[in-house]
Amino acid sequence: MLDIKLLREDPERIAANLHDRNVQVFPDLDSEQAGESWAKATVERLRAYDQKVRDLIAAGDNLRREQNENSSAMKKVGKLAKDEQQAARTPLIERGRELREQEKQIAEQHAEAIAARDEAWRRVPNLSHPDVPKGHTDDDHAQLRTWGERRDFAAEGFEPKDHLDIAEALDLVDFASGAKVAGQKFYYLVNEAVLLDLALQRYALDMARKHGFKLHTTPDLARVDILDGLGFNPRGESTQVYSVANSDLCLVGTAEITLGGMVADEILDPEQLPLLVAGLSHCFRTEAGSAGKESRGLYRVHQFTKVELFAFTVGELELSEAMHQRMLDIEEEIFQGLEIPYRVLDIASGDLGGPAYRKYDLEAWMPGRGGWGEITSTSNCTDYQARRLRIRYRPAPVDGKKQKPKMVHMLNGTAVATSRALVAILENNQQADGSVRIPAALQPYCGFDRIGPR
RNA sequence: GGGGAAGUGGCCGAGCGGUUUAAGGCGACGGACUUGAAAUCCGUUGUACUCGAAAGGGUACCCAGGGUUCGAAUCCCUGCUUCUCCGCCA
(Lines give C-alpha, C1' and ligand atoms only; values in the text may rest on other atoms or scores of the structure.)
Protein backbone atom coordinates (compact mmCIF):
# COMPACT_ATOMS: atom_id res chain seq x y z
CA MET A 1 0.00 0.00 0.00
CA LEU A 2 1.25 3.45 -0.87
CA ASP A 3 1.13 6.39 1.52
CA ILE A 4 -2.33 7.93 1.07
CA LYS A 5 -0.67 11.36 1.32
CA LEU A 6 0.85 10.76 -2.08
CA LEU A 7 -2.68 10.81 -3.50
CA ARG A 8 -3.15 14.30 -2.11
CA GLU A 9 0.29 15.64 -2.97
CA ASP A 10 1.19 14.09 -6.29
CA PRO A 11 -1.88 12.58 -7.99
CA GLU A 12 -0.36 12.99 -11.46
CA ARG A 13 2.47 10.66 -10.56
CA ILE A 14 0.03 7.97 -9.49
CA ALA A 15 -2.00 8.33 -12.66
CA ALA A 16 1.13 8.06 -14.80
CA ASN A 17 2.23 4.93 -12.94
CA LEU A 18 -1.19 3.29 -13.27
CA HIS A 19 -0.95 3.97 -16.98
CA ASP A 20 2.59 2.53 -17.31
CA ARG A 21 1.66 -0.58 -15.38
CA ASN A 22 -1.72 -0.90 -17.05
CA VAL A 23 -3.41 -1.51 -13.70
CA GLN A 24 -7.16 -0.98 -13.54
CA VAL A 25 -8.32 -0.14 -10.04
CA PHE A 26 -11.99 0.19 -10.88
CA PRO A 27 -13.47 -2.34 -13.29
CA ASP A 28 -15.58 0.32 -15.02
CA LEU A 29 -12.61 2.61 -15.59
CA ASP A 30 -10.51 0.90 -18.24
CA SER A 31 -9.30 2.29 -21.54
CA GLU A 32 -12.32 0.94 -23.39
CA GLN A 33 -14.92 2.55 -21.20
CA ALA A 34 -13.12 5.64 -19.99
CA GLY A 35 -10.87 6.29 -22.97
CA GLU A 36 -7.32 7.62 -22.93
CA SER A 37 -7.77 9.41 -19.61
CA TRP A 38 -8.84 6.30 -17.66
CA ALA A 39 -5.90 6.55 -15.29
CA LYS A 40 -6.66 10.18 -14.53
CA ALA A 41 -10.33 9.36 -13.94
CA THR A 42 -9.25 6.59 -11.57
CA VAL A 43 -7.16 8.98 -9.52
CA GLU A 44 -9.99 11.50 -9.41
CA ARG A 45 -12.34 8.88 -8.02
CA LEU A 46 -9.77 7.84 -5.43
CA ARG A 47 -9.47 11.45 -4.33
CA ALA A 48 -13.22 11.77 -3.92
CA TYR A 49 -13.23 8.62 -1.75
CA ASP A 50 -10.44 10.07 0.36
CA GLN A 51 -12.17 13.41 0.82
CA LYS A 52 -15.28 11.66 2.05
CA VAL A 53 -13.27 9.75 4.62
CA ARG A 54 -11.66 12.92 5.89
CA ASP A 55 -14.96 14.76 6.16
CA LEU A 56 -16.37 11.95 8.24
CA ILE A 57 -13.31 11.89 10.47
CA ALA A 58 -13.81 15.57 11.20
CA ALA A 59 -17.52 15.04 11.92
CA GLY A 60 -16.80 12.11 14.25
CA ASP A 61 -14.03 13.95 16.11
CA ASN A 62 -16.39 16.84 16.68
CA LEU A 63 -19.10 14.65 18.12
CA ARG A 64 -16.69 12.89 20.43
CA ARG A 65 -15.39 16.23 21.62
CA GLU A 66 -18.95 17.19 22.54
CA GLN A 67 -19.40 13.87 24.32
CA ASN A 68 -16.27 14.53 26.36
CA GLU A 69 -17.54 17.99 27.24
CA ASN A 70 -20.84 16.50 28.30
CA SER A 71 -19.07 14.01 30.56
CA SER A 72 -16.99 16.69 32.26
CA ALA A 73 -20.15 18.70 32.85
CA MET A 74 -21.64 15.62 34.49
CA LYS A 75 -18.63 15.32 36.79
CA LYS A 76 -19.26 18.84 38.08
CA VAL A 77 -22.84 18.00 38.98
CA GLY A 78 -21.56 16.04 41.98
CA LYS A 79 -20.36 19.31 43.52
CA LEU A 80 -23.78 20.94 43.49
CA ALA A 81 -26.13 20.89 46.44
CA LYS A 82 -27.94 17.56 46.78
CA ASP A 83 -31.38 18.92 45.85
CA GLU A 84 -30.06 20.54 42.64
CA GLN A 85 -28.23 17.50 41.32
CA GLN A 86 -31.14 15.63 39.81
CA ALA A 87 -32.35 18.65 37.87
CA ALA A 88 -28.86 19.27 36.50
CA ARG A 89 -28.37 15.66 35.46
CA THR A 90 -31.50 15.14 33.41
CA PRO A 91 -30.61 17.39 30.43
CA LEU A 92 -27.04 16.09 30.35
CA ILE A 93 -28.22 12.50 30.18
CA GLU A 94 -30.61 13.47 27.41
CA ARG A 95 -27.85 15.26 25.48
CA GLY A 96 -25.52 12.32 25.98
CA ARG A 97 -28.04 9.94 24.46
CA GLU A 98 -28.45 12.19 21.43
CA LEU A 99 -24.73 12.46 20.90
CA ARG A 100 -24.30 8.73 21.20
CA GLU A 101 -26.89 8.14 18.51
CA GLN A 102 -25.33 10.65 16.15
CA GLU A 103 -21.85 9.35 16.76
CA LYS A 104 -22.98 5.82 16.01
CA GLN A 105 -24.34 6.87 12.62
CA ILE A 106 -21.22 8.81 11.70
CA ALA A 107 -19.03 5.90 12.77
CA GLU A 108 -20.99 3.58 10.52
CA GLN A 109 -20.64 5.90 7.52
CA HIS A 110 -16.98 6.35 8.30
CA ALA A 111 -16.37 2.60 8.36
CA GLU A 112 -18.06 2.26 4.99
CA ALA A 113 -16.15 5.15 3.48
CA ILE A 114 -12.82 3.90 4.72
CA ALA A 115 -13.51 0.36 3.52
CA ALA A 116 -14.36 1.66 0.06
CA ARG A 117 -11.30 3.87 -0.08
CA ASP A 118 -8.83 1.30 1.23
CA GLU A 119 -10.18 -1.53 -0.86
CA ALA A 120 -9.47 0.58 -3.93
CA TRP A 121 -6.26 2.10 -2.62
CA ARG A 122 -4.78 -1.33 -1.91
CA ARG A 123 -5.05 -2.15 -5.60
CA VAL A 124 -2.90 0.82 -6.54
CA PRO A 125 0.56 -0.64 -7.21
CA ASN A 126 3.88 0.64 -5.93
CA LEU A 127 5.67 3.41 -7.79
CA SER A 128 8.22 2.26 -10.34
CA HIS A 129 11.95 2.87 -10.63
CA PRO A 130 12.57 5.42 -13.42
CA ASP A 131 14.74 2.89 -15.31
CA VAL A 132 12.09 0.16 -15.36
CA PRO A 133 11.36 -0.61 -19.02
CA LYS A 134 7.80 0.33 -19.93
CA GLY A 135 5.50 -2.25 -21.45
CA HIS A 136 3.59 -5.36 -20.57
CA THR A 137 4.76 -8.20 -22.77
CA ASP A 138 7.68 -10.57 -22.19
CA ASP A 139 9.58 -8.81 -24.98
CA ASP A 140 9.56 -5.57 -23.03
CA HIS A 141 11.92 -6.79 -20.31
CA ALA A 142 15.44 -5.43 -20.61
CA GLN A 143 18.12 -8.12 -20.83
CA LEU A 144 21.01 -6.77 -18.76
CA ARG A 145 23.56 -9.53 -19.40
CA THR A 146 24.09 -13.23 -19.89
CA TRP A 147 26.53 -15.52 -18.14
CA GLY A 148 27.99 -18.92 -19.00
CA GLU A 149 28.49 -21.05 -22.05
CA ARG A 150 25.51 -22.85 -23.49
CA ARG A 151 26.47 -26.37 -24.50
CA ASP A 152 26.45 -27.22 -28.18
CA PHE A 153 24.69 -30.57 -28.13
CA ALA A 154 24.90 -30.91 -31.90
CA ALA A 155 28.67 -30.76 -31.65
CA GLU A 156 28.58 -33.32 -28.87
CA GLY A 157 26.55 -35.52 -31.13
CA PHE A 158 23.26 -36.01 -29.33
CA GLU A 159 19.84 -34.49 -28.98
CA PRO A 160 19.23 -33.02 -25.49
CA LYS A 161 16.25 -34.43 -23.61
CA ASP A 162 14.02 -32.41 -21.36
CA HIS A 163 14.29 -32.86 -17.61
CA LEU A 164 11.20 -35.04 -17.35
CA ASP A 165 12.53 -37.59 -19.84
CA ILE A 166 15.88 -37.57 -18.08
CA ALA A 167 14.31 -37.91 -14.63
CA GLU A 168 11.98 -40.72 -15.67
CA ALA A 169 14.74 -42.65 -17.34
CA LEU A 170 16.84 -42.40 -14.17
CA ASP A 171 13.87 -43.04 -11.82
CA LEU A 172 14.18 -39.66 -10.11
CA VAL A 173 10.55 -38.49 -10.04
CA ASP A 174 7.15 -40.13 -9.65
CA PHE A 175 4.37 -37.95 -11.01
CA ALA A 176 1.88 -40.80 -11.32
CA SER A 177 1.82 -41.45 -7.60
CA GLY A 178 1.76 -37.73 -6.92
CA ALA A 179 -1.35 -37.38 -9.05
CA LYS A 180 -3.02 -40.31 -7.33
CA VAL A 181 -2.36 -39.06 -3.82
CA ALA A 182 -2.61 -35.29 -4.17
CA GLY A 183 -3.55 -34.50 -7.77
CA GLN A 184 -2.00 -33.29 -10.99
CA LYS A 185 1.27 -31.41 -10.60
CA PHE A 186 2.12 -33.07 -7.31
CA TYR A 187 5.08 -35.42 -7.35
CA TYR A 188 7.47 -37.49 -5.38
CA LEU A 189 11.19 -37.04 -5.73
CA VAL A 190 12.92 -40.42 -5.77
CA ASN A 191 16.40 -41.81 -5.22
CA GLU A 192 19.28 -39.37 -5.86
CA ALA A 193 16.78 -36.57 -6.62
CA VAL A 194 15.92 -36.48 -2.92
CA LEU A 195 19.56 -36.00 -2.00
CA LEU A 196 20.10 -33.51 -4.79
CA ASP A 197 17.10 -31.52 -3.56
CA LEU A 198 18.52 -31.48 -0.03
CA ALA A 199 21.97 -30.62 -1.38
CA LEU A 200 20.57 -27.59 -3.18
CA GLN A 201 18.88 -26.43 -0.01
CA ARG A 202 22.03 -26.81 2.01
CA TYR A 203 24.17 -25.17 -0.66
CA ALA A 204 21.82 -22.18 -0.78
CA LEU A 205 21.63 -21.91 3.00
CA ASP A 206 25.41 -21.93 3.31
CA MET A 207 25.62 -19.25 0.63
CA ALA A 208 22.99 -17.11 2.38
CA ARG A 209 24.79 -17.50 5.67
CA LYS A 210 28.11 -16.57 4.12
CA HIS A 211 26.54 -13.30 2.99
CA GLY A 212 25.27 -12.45 6.45
CA PHE A 213 21.69 -13.70 6.29
CA LYS A 214 20.38 -15.19 9.51
CA LEU A 215 18.97 -18.63 8.74
CA HIS A 216 15.41 -19.68 9.51
CA THR A 217 13.05 -22.45 8.79
CA THR A 218 9.64 -20.83 8.65
CA PRO A 219 6.03 -21.85 9.14
CA ASP A 220 4.51 -23.20 5.94
CA LEU A 221 1.20 -21.55 6.84
CA ALA A 222 0.42 -17.95 7.60
CA ARG A 223 -2.54 -15.81 8.53
CA VAL A 224 -4.57 -14.10 5.85
CA ASP A 225 -3.73 -10.61 7.07
CA ILE A 226 -0.02 -11.31 6.81
CA LEU A 227 -0.55 -12.45 3.21
CA ASP A 228 -2.58 -9.30 2.59
CA GLY A 229 0.12 -7.14 4.06
CA LEU A 230 2.70 -8.51 1.66
CA GLY A 231 0.40 -7.89 -1.28
CA PHE A 232 -0.82 -11.43 -1.88
CA ASN A 233 -4.54 -11.87 -2.45
CA PRO A 234 -5.69 -15.07 -0.78
CA ARG A 235 -9.33 -14.48 -1.64
CA GLY A 236 -9.99 -13.42 -5.24
CA GLU A 237 -10.89 -15.83 -8.00
CA SER A 238 -7.50 -16.29 -9.60
CA THR A 239 -5.63 -16.60 -6.33
CA GLN A 240 -2.33 -18.44 -6.32
CA VAL A 241 -2.82 -19.30 -2.66
CA TYR A 242 -4.35 -22.34 -0.98
CA SER A 243 -6.57 -21.52 2.00
CA VAL A 244 -7.14 -23.87 4.89
CA ALA A 245 -10.84 -24.48 5.45
CA ASN A 246 -12.41 -23.18 8.67
CA SER A 247 -9.42 -21.08 9.59
CA ASP A 248 -7.74 -17.83 8.64
CA LEU A 249 -4.64 -19.69 7.50
CA CYS A 250 -3.15 -20.13 4.07
CA LEU A 251 -0.37 -22.34 2.78
CA VAL A 252 2.45 -19.98 1.93
CA GLY A 253 3.45 -19.55 -1.70
CA THR A 254 6.89 -18.41 -0.61
CA ALA A 255 8.83 -17.73 2.57
CA GLU A 256 8.70 -14.08 1.53
CA ILE A 257 5.43 -14.12 3.43
CA THR A 258 6.69 -15.63 6.66
CA LEU A 259 9.96 -13.71 6.61
CA GLY A 260 8.32 -10.40 5.81
CA GLY A 261 5.64 -10.93 8.42
CA MET A 262 8.13 -11.82 11.14
CA VAL A 263 8.56 -8.26 12.37
CA ALA A 264 5.07 -6.95 11.58
CA ASP A 265 3.93 -4.22 13.97
CA GLU A 266 7.43 -3.58 15.25
CA ILE A 267 9.56 -0.49 15.48
CA LEU A 268 13.10 -1.67 14.80
CA ASP A 269 16.30 -0.22 16.10
CA PRO A 270 18.29 1.37 13.26
CA GLU A 271 21.32 -0.63 14.45
CA GLN A 272 19.42 -3.77 13.50
CA LEU A 273 19.29 -2.59 9.89
CA PRO A 274 19.83 -3.87 7.37
CA LEU A 275 18.15 -6.94 8.81
CA LEU A 276 19.05 -9.89 6.62
CA VAL A 277 17.10 -13.11 7.00
CA ALA A 278 16.91 -16.26 4.94
CA GLY A 279 14.13 -18.79 5.15
CA LEU A 280 13.73 -22.39 4.11
CA SER A 281 10.13 -23.31 3.44
CA HIS A 282 7.84 -25.30 1.29
CA CYS A 283 5.94 -23.25 -1.28
CA PHE A 284 2.42 -24.03 -2.36
CA ARG A 285 0.82 -22.59 -5.46
CA THR A 286 -2.56 -23.29 -6.97
CA GLU A 287 -1.32 -22.22 -10.41
CA ALA A 288 -4.90 -21.14 -11.14
CA GLY A 289 -5.22 -19.96 -14.71
CA SER A 290 -1.94 -21.46 -15.87
CA ALA A 291 -3.33 -24.81 -16.99
CA GLY A 292 -1.47 -26.08 -19.99
CA LYS A 293 1.32 -23.55 -19.69
CA GLU A 294 4.73 -25.17 -19.32
CA SER A 295 2.87 -28.11 -17.89
CA ARG A 296 5.54 -30.73 -18.31
CA GLY A 297 7.46 -31.97 -15.33
CA LEU A 298 8.88 -30.00 -12.45
CA TYR A 299 8.84 -26.56 -14.03
CA ARG A 300 5.40 -25.51 -12.78
CA VAL A 301 4.17 -27.55 -9.82
CA HIS A 302 1.92 -27.06 -6.80
CA GLN A 303 4.60 -27.64 -4.22
CA PHE A 304 8.32 -27.09 -4.07
CA THR A 305 11.01 -26.11 -1.63
CA LYS A 306 12.77 -22.80 -1.63
CA VAL A 307 15.46 -20.89 0.20
CA GLU A 308 14.43 -17.26 0.20
CA LEU A 309 16.49 -14.17 0.96
CA PHE A 310 14.83 -11.23 2.66
CA ALA A 311 16.14 -7.82 3.67
CA PHE A 312 14.76 -4.95 5.70
CA THR A 313 16.67 -1.72 5.13
CA VAL A 314 16.46 1.86 6.27
CA GLY A 315 13.74 3.60 4.25
CA GLU A 316 16.06 5.39 1.83
CA LEU A 317 16.06 4.53 -1.85
CA GLU A 318 19.85 4.67 -2.22
CA LEU A 319 20.20 2.04 0.47
CA SER A 320 17.48 -0.32 -0.67
CA GLU A 321 18.62 -0.07 -4.27
CA ALA A 322 22.17 -0.95 -3.23
CA MET A 323 20.76 -3.90 -1.28
CA HIS A 324 18.77 -4.96 -4.35
CA GLN A 325 21.97 -5.11 -6.40
CA ARG A 326 23.63 -7.07 -3.61
CA MET A 327 20.82 -9.63 -3.62
CA LEU A 328 21.06 -9.96 -7.38
CA ASP A 329 24.81 -10.50 -7.02
CA ILE A 330 24.19 -13.32 -4.54
CA GLU A 331 21.69 -14.98 -6.85
CA GLU A 332 24.21 -14.81 -9.67
CA GLU A 333 26.95 -16.20 -7.46
CA ILE A 334 24.71 -19.11 -6.55
CA PHE A 335 23.96 -20.04 -10.13
CA GLN A 336 27.52 -19.43 -11.28
CA GLY A 337 28.51 -21.91 -8.57
CA LEU A 338 26.04 -24.35 -10.07
CA GLU A 339 27.54 -23.71 -13.55
CA ILE A 340 24.14 -22.90 -15.05
CA PRO A 341 24.11 -20.47 -17.98
CA TYR A 342 21.64 -17.68 -17.29
CA ARG A 343 20.54 -14.20 -18.29
CA VAL A 344 19.49 -11.28 -16.12
CA LEU A 345 16.27 -9.41 -16.88
CA ASP A 346 15.10 -6.02 -15.66
CA ILE A 347 11.36 -6.71 -15.55
CA ALA A 348 9.03 -4.38 -17.48
CA SER A 349 6.48 -2.15 -15.76
CA GLY A 350 3.45 -4.23 -16.73
CA ASP A 351 4.86 -7.39 -15.18
CA LEU A 352 6.21 -6.09 -11.88
CA GLY A 353 3.36 -7.13 -9.63
CA GLY A 354 1.80 -4.67 -7.19
CA PRO A 355 4.42 -4.45 -4.43
CA ALA A 356 7.61 -4.27 -6.52
CA TYR A 357 9.34 -1.00 -7.31
CA ARG A 358 11.87 -2.87 -9.40
CA LYS A 359 12.40 -6.55 -10.14
CA TYR A 360 15.22 -8.60 -11.61
CA ASP A 361 14.75 -12.17 -12.76
CA LEU A 362 17.43 -14.74 -13.50
CA GLU A 363 16.46 -17.04 -16.32
CA ALA A 364 18.43 -20.24 -16.78
CA TRP A 365 19.12 -21.73 -20.14
CA MET A 366 17.02 -24.89 -20.41
CA PRO A 367 18.21 -27.05 -23.31
CA GLY A 368 15.20 -29.35 -23.05
CA ARG A 369 12.87 -26.63 -24.17
CA GLY A 370 15.52 -24.70 -26.05
CA GLY A 371 14.69 -21.53 -24.19
CA TRP A 372 15.14 -19.52 -21.05
CA GLY A 373 13.19 -20.30 -17.89
CA GLU A 374 12.82 -18.22 -14.76
CA ILE A 375 14.82 -19.55 -11.81
CA THR A 376 15.05 -16.60 -9.44
CA SER A 377 13.43 -13.26 -8.91
CA THR A 378 14.41 -10.42 -6.65
CA SER A 379 12.23 -7.41 -5.92
CA ASN A 380 12.71 -4.14 -4.12
CA CYS A 381 9.29 -3.44 -2.65
CA THR A 382 10.45 -0.24 -0.92
CA ASP A 383 7.94 0.69 1.81
CA TYR A 384 4.89 -0.71 0.02
CA GLN A 385 4.64 -3.87 2.14
CA ALA A 386 6.03 -2.26 5.28
CA ARG A 387 3.19 0.24 5.42
CA ARG A 388 0.46 -2.36 5.79
CA LEU A 389 2.53 -4.57 8.06
CA ARG A 390 3.54 -1.51 10.10
CA ILE A 391 7.24 -2.35 10.07
CA ARG A 392 9.17 0.74 11.02
CA TYR A 393 12.43 1.91 12.50
CA ARG A 394 13.34 5.00 14.44
CA PRO A 395 16.00 7.07 12.68
CA ALA A 396 18.95 8.22 14.82
CA PRO A 397 18.28 11.48 16.69
CA VAL A 398 19.05 14.69 14.80
CA ASP A 399 20.48 17.49 16.98
CA GLY A 400 19.48 15.47 20.04
CA LYS A 401 15.89 15.34 18.86
CA LYS A 402 14.09 12.03 18.77
CA GLN A 403 12.92 11.24 15.24
CA LYS A 404 9.54 9.88 14.19
CA PRO A 405 9.43 6.24 13.12
CA LYS A 406 9.78 5.63 9.39
CA MET A 407 8.77 2.69 7.22
CA VAL A 408 11.55 0.24 6.39
CA HIS A 409 12.20 -0.87 2.84
CA MET A 410 11.66 -4.57 2.18
CA LEU A 411 13.36 -6.73 -0.44
CA ASN A 412 13.03 -10.35 -1.32
CA GLY A 413 14.91 -12.68 -3.59
CA THR A 414 15.18 -16.33 -4.42
CA ALA A 415 18.34 -18.09 -3.35
CA VAL A 416 17.23 -21.42 -4.78
CA ALA A 417 13.85 -22.82 -5.72
CA THR A 418 14.82 -26.46 -5.80
CA SER A 419 12.35 -27.67 -8.44
CA ARG A 420 13.45 -25.13 -11.03
CA ALA A 421 17.11 -25.61 -10.12
CA LEU A 422 16.64 -29.36 -10.63
CA VAL A 423 15.24 -28.72 -14.09
CA ALA A 424 18.25 -26.57 -14.98
CA ILE A 425 20.80 -29.02 -13.56
CA LEU A 426 19.30 -32.11 -15.18
CA GLU A 427 18.97 -30.47 -18.58
CA ASN A 428 22.31 -28.68 -18.67
CA ASN A 429 24.36 -31.53 -17.24
CA GLN A 430 22.89 -34.47 -19.13
CA GLN A 431 25.36 -36.77 -20.84
CA ALA A 432 25.13 -38.76 -24.05
CA ASP A 433 24.89 -41.99 -22.04
CA GLY A 434 21.82 -40.74 -20.18
CA SER A 435 23.61 -39.96 -16.95
CA VAL A 436 23.70 -36.54 -15.27
CA ARG A 437 26.84 -34.87 -13.96
CA ILE A 438 26.54 -33.16 -10.56
CA PRO A 439 28.06 -29.64 -10.38
CA ALA A 440 31.25 -29.65 -8.30
CA ALA A 441 29.74 -27.23 -5.77
CA LEU A 442 27.01 -29.73 -4.91
CA GLN A 443 29.11 -32.87 -4.75
CA PRO A 444 30.17 -32.40 -1.12
CA TYR A 445 26.51 -32.07 -0.16
CA CYS A 446 25.28 -34.96 -2.32
CA GLY A 447 28.03 -37.43 -1.76
CA PHE A 448 28.08 -38.42 -5.44
CA ASP A 449 29.28 -36.79 -8.65
CA ARG A 450 26.97 -38.41 -11.16
CA ILE A 451 23.53 -39.95 -11.43
CA GLY A 452 23.28 -42.98 -13.68
CA PRO A 453 23.57 -44.19 -16.29
CA ARG A 454 21.03 -46.91 -15.74
C1' G B 1 -8.62 -31.77 24.02
C1' G B 2 -10.04 -30.14 29.34
C1' G B 3 -9.30 -26.93 33.75
C1' G B 4 -7.15 -22.58 36.07
C1' A B 5 -4.35 -17.62 35.92
C1' A B 6 -2.96 -13.43 33.33
C1' G B 7 -2.47 -9.53 29.21
C1' U B 8 -1.88 -1.53 31.37
C1' G B 9 3.19 3.31 28.22
C1' G B 10 10.43 1.59 26.07
C1' C B 11 10.41 -1.77 30.74
C1' C B 12 8.41 -2.94 35.85
C1' G B 13 3.92 -1.94 38.16
C1' A B 14 -0.78 0.60 40.67
C1' G B 15 -5.63 1.45 39.32
C1' C B 16 -11.65 -2.55 39.08
C1' G B 17 -17.70 3.05 36.72
C1' G B 18 -16.76 9.97 36.94
C1' U B 19 -11.25 14.12 41.40
C1' U B 20 -6.73 9.78 36.09
C1' U B 21 -4.49 14.81 32.87
C1' A B 22 -3.20 6.41 33.53
C1' A B 23 -0.18 6.91 40.27
C1' G B 24 4.78 5.31 41.48
C1' G B 25 9.41 3.35 39.96
C1' C B 26 13.23 2.09 36.26
C1' G B 27 15.36 3.57 31.72
C1' A B 28 16.27 7.38 28.07
C1' C B 29 16.91 12.57 26.81
C1' G B 30 17.68 17.86 28.25
C1' G B 31 19.20 21.26 32.14
C1' A B 32 21.39 22.82 37.11
C1' C B 33 25.47 21.82 40.49
C1' U B 34 30.86 19.91 39.32
C1' U B 35 37.63 20.82 36.77
C1' G B 36 35.27 16.11 34.94
C1' A B 37 32.33 12.13 36.58
C1' A B 38 29.22 9.85 40.20
C1' A B 39 25.49 11.29 43.49
C1' U B 40 21.63 14.87 43.95
C1' C B 41 17.90 18.23 42.15
C1' C B 42 14.59 20.23 38.11
C1' G B 43 12.23 19.30 33.49
C1' U B 44 10.84 16.21 29.22
C1' U B 45 9.05 11.40 27.51
C1' G B 46 4.50 6.70 23.09
C1' U B 47 1.69 5.77 18.35
C1' A B 48 -1.50 7.47 14.73
C1' C B 49 -5.34 10.34 12.45
C1' U B 50 -7.15 15.22 11.66
C1' C B 51 -7.51 20.85 11.36
C1' G B 52 -3.83 24.83 10.77
C1' A B 53 0.99 28.79 6.76
C1' A B 54 2.88 28.36 11.64
C1' A B 55 2.23 28.62 16.78
C1' G B 56 -0.99 25.41 18.33
C1' G B 57 -5.79 22.80 18.65
C1' G B 58 -9.00 18.36 18.37
C1' U B 59 -9.73 12.87 18.29
C1' A B 60 -8.41 7.84 19.12
C1' C B 61 -5.40 4.05 21.40
C1' C B 62 -4.72 0.29 28.70
C1' C B 63 -4.19 -7.43 23.79
C1' A B 64 -8.24 -7.33 19.59
C1' G B 65 -13.42 -6.91 18.21
C1' G B 66 -18.35 -6.26 19.87
C1' G B 67 -21.89 -4.76 23.94
C1' U B 68 -23.96 -2.13 28.58
C1' U B 69 -23.87 3.23 30.31
C1' C B 70 -24.95 10.22 30.09
C1' G B 71 -19.75 8.38 31.03
C1' A B 72 -15.51 2.19 30.52
C1' A B 73 -8.47 0.70 31.59
C1' U B 74 -12.46 -0.60 35.16
C1' C B 75 -18.76 -4.19 33.99
C1' C B 76 -20.58 -8.11 30.15
C1' C B 77 -19.72 -11.28 25.57
C1' U B 78 -16.44 -13.30 21.75
C1' G B 79 -11.63 -14.04 19.97
C1' C B 80 -6.19 -14.01 20.26
C1' U B 81 -1.69 -14.58 23.00
C1' U B 82 1.22 -16.07 27.26
C1' C B 83 1.89 -18.91 31.75
C1' U B 84 0.32 -23.24 34.40
C1' C B 85 -1.95 -28.08 35.68
C1' C B 86 -4.24 -32.62 33.52
C1' G B 87 -4.89 -35.77 29.23
C1' C B 88 -2.98 -37.24 24.39
C1' C B 89 1.05 -37.45 21.06
C1' A B 90 6.22 -37.41 17.34
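Labels below follow one simple rule: chain letters A, B, ... track the order of the sequence lines, proteins then strands, and each chain is numbered from 1.
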Measure all distances between protein nitrogen or oxygen atoms and nitrogen or oxygen atoms of nucleotides 21-23 of chain B, and list the pairs falling under 3.5 Å.
unit_1	atom_1	unit_2	atom_2	d
B:U21	OP2	A:Lys75	NZ	3.2

Kindly give the atom pairs (protein nitrogen or oxygen, nucleotide nitrogen or oxygen) under 3.5 Å for nucleotides 77-82 of chain B.
none

Every protein N/O lying under 3.5 Å from an N/O of nucleotides 53-58 of chain B:
unit_1	atom_1	unit_2	atom_2	d
B:G58	N2	A:Asp61	OD2	3.0

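Taking the side-chain hydrogen bond (donor to acceptor under 3.5 Å, both in side chains) definition, one finds that A:Glu192 meets it with A:Arg454, sequence neighbours left out. For A:Thr313, there are no side-chain hydrogen bond (donor to acceptor under 3.5 Å, both in side chains) partners, not counting sequence neighbours. Residues satisfying the side-chain hydrogen bond (donor to acceptor under 3.5 Å, both in side chains) criterion with A:Tyr188, sequence neighbours excluded, are absent altogether. A search for side-chain hydrogen bond (donor to acceptor under 3.5 Å, both in side chains) contacts involving A:Arg54 returns A:Gln51, not counting sequence neighbours.
Applying the side-chain hydrogen bond (donor to acceptor under 3.5 Å, both in side chains) test to pairs two or more places apart or on separate chains, those with a residue in residues 272-285 of chain A are A:Asp220-A:His282. Applying the salt bridge (Lys or Arg N to Asp or Glu O under 4.0 Å) test to residues at least two apart or on different chains, the pairs with a partner in residues 17-28 of chain A are A:Asp20-A:Lys134, A:Asp28-A:Arg45. Sequence neighbours left out, the pairs with a member in residues 403-416 of chain A that pass salt bridge (Lys or Arg N to Asp or Glu O under 4.0 Å) are A:Glu316-A:Lys406. Contacts classified as side-chain hydrogen bond (donor to acceptor under 3.5 Å, both in side chains) and involving residues 222-232 of chain A (residues at least two apart or in different chains) are given here: A:Asp228-A:Arg235.
B:C16 is unpaired under the Watson-Crick or G-U wobble criterion, no partner having all donor-acceptor distances under 3.5 Å. Here B:G87 sits opposite no nucleotide as a Watson-Crick or G-U wobble pair (both hydrogen-bonding atom distances under 3.5 Å). When Watson-Crick and G-U wobble pairs are counted only if both distances are under 3.5 Å, B:G52 pairs with no nucleotide at all. The pairing partner recorded for B:G27 is B:U45, the criterion being a Watson-Crick or G-U wobble arrangement whose two distances lie under 3.5 angstrom. Checking B:G71 for Watson-Crick or G-U wobble geometry (two distances, each under 3.5 Å) identifies no partner in any strand. Of all nucleotides present, none satisfies the Watson-Crick or G-U wobble test against B:A22 with each distance under 3.5 Å. Using N1 to N3 plus N6-O4 or O6-N4 for Watson-Crick, or N1-O2 and O6-N3 for G-U wobble, each under 3.5 Å, B:A37 pairs with nothing. Using Watson-Crick or G-U wobble geometry with both donor-acceptor distances under 3.5 Å, B:U82 finds its partner in B:A5.
Using a 3.5 Å distance cut-off with no hydrogens or angles, the side chains of A:Tyr360 and A:Gln325 do pair a donor with an acceptor.
One can place CD1 of A:Ile267 at 14 Å from C1' of B:U45, the figure rounded to the nearest angstrom.
The side chain of A:Arg392 places no N or O atom within less than 4.0 Å of a non-bridging phosphate oxygen (OP1 or OP2) of B:U47. One finds no side-chain N or O of A:Arg8 lying less than 4.0 angstrom from the OP1 or OP2 phosphate oxygen of B:C49.
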*Report the C-alpha distance between A:His129 and A:His324 in whole Å, list the side-chain angles of each, state the deciding distance to 0.1 Å, and finish with yes or no for side chain to side chain contact (heavy atoms under 4.5 Å, CB included).*
CA-CA 12 Å; A:His129 190 285; A:His324 198 199; over 6 Å; no
*Residue pair A:Ser419, A:Tyr187: steps toward the side chain to side chain contact (heavy atoms under 4.5 Å, CB included) verdict*: CA-CA 11 Å; A:Ser419 52; A:Tyr187 58 97; 4.3 Å; yes
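The structure places CD of A:Gln33 at 13.5 Å from CZ of A:Phe26, a figure rounded to the nearest 0.5 Å.
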*Taking protein heavy atoms under 4.0 Å as touching, what does nucleotides 68-73 of chain B look like 5' to 3' if B marks base contact, S marks sugar-phosphate-only contact and - marks none?*
-BBS--
